[in-house]
Structure formats: C-alpha cells, structure tokens
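Note that this is a predicted model, so its numbers are computed, not measured.
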Amino acid sequence: MRKQFSDMTTQELIDFYVYLNKHWEDEESKALASRKIKATLAKRFKATIDMLDDWQVKDNPEGLFRNILLGIY
C-alpha cells in the first residue's frame, strides 16, 4: 500500500518534494503532488506554532518543552 502524505515524516516529505522537482516529467502530477506536500507541511507547522502559542504554554512553558524533548504527550 502506498504511503499517504499525512503518514510521511516531515523529512520524507521534503525529500520527496526535492525528488519531484528534479526527476518527474509529468508537470500536472508534479504540480498536484507539490500542492499536497505544501498543504501537509503548512498544516504541521501551523499546529506546531499553535501549540507554542497556547495559553497553557504561557502558564507552564517547562511542561511543553519537557513534552517536546522527552516525547511525553
């Protein structure tokens, strides 16, 4: 089964985006894949910024950074 863009890591998305622009010949599918990759990355970055701007972070910034560094969710 083929991976969905939402299932790929950020690094995989960036690597695939670079691959698309260097190797794909079909401009229509290249443009579609590029738009979907950009949308997926934009959604992730927005979620990260929203998490950093959350009111709970302002009350307990150490908790957020501990969660990020230790992977505790």
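Arg44 places a side-chain N or O within donor-acceptor distance of the main-chain N or O of Ser6, the cut-off being under 3.5 Å.
How far CG of Leu41 is from CG of Leu13: 5.0 Å, rounded to the nearest 0.5 Å. Between the OG1 atom of Thr40 and the NZ atom of Lys38 there is a distance of 12.5 Å, given to the nearest 0.5 Å. Note that the CG atom of Leu20 and the CG atom of Asp15 stand 11.0 Å from one another [nearest 0.5 Å].
A continuous path of ILVMFWY side-chain contacts below 4.5 Å connects Tyr17 to Phe45, so both sit in one hydrophobic cluster. Hydrophobic clustering of Ile, Leu, Val, Met, Phe, Trp and Tyr side chains at less than 4.5 Å, counting indirect connections, unites Trp24 with Ile14.
Shown here is Lys30, whose NZ atom has more than 12 heavy atoms of other residues, nucleotides or ligands within 6.0 Å.
Taking each heavy atom of Ile37 and Phe16 in turn, the nearest pair found is CD1-CD2, 3.6 Å. Closest approach of Glu12 to Met8, counting heavy atoms only: OE1-CA, 3.3 Å.
Every side chain to side chain donor-acceptor pair (under 3.5 Å) that Ser29 has, sequence neighbours left out, goes to Asp26.
Of the options Thr48, Ile49, Asp50, a side-chain contact (heavy atoms from CB on, under 4.5 Å) to Lys46 is made by Asp50 and by none of the others.
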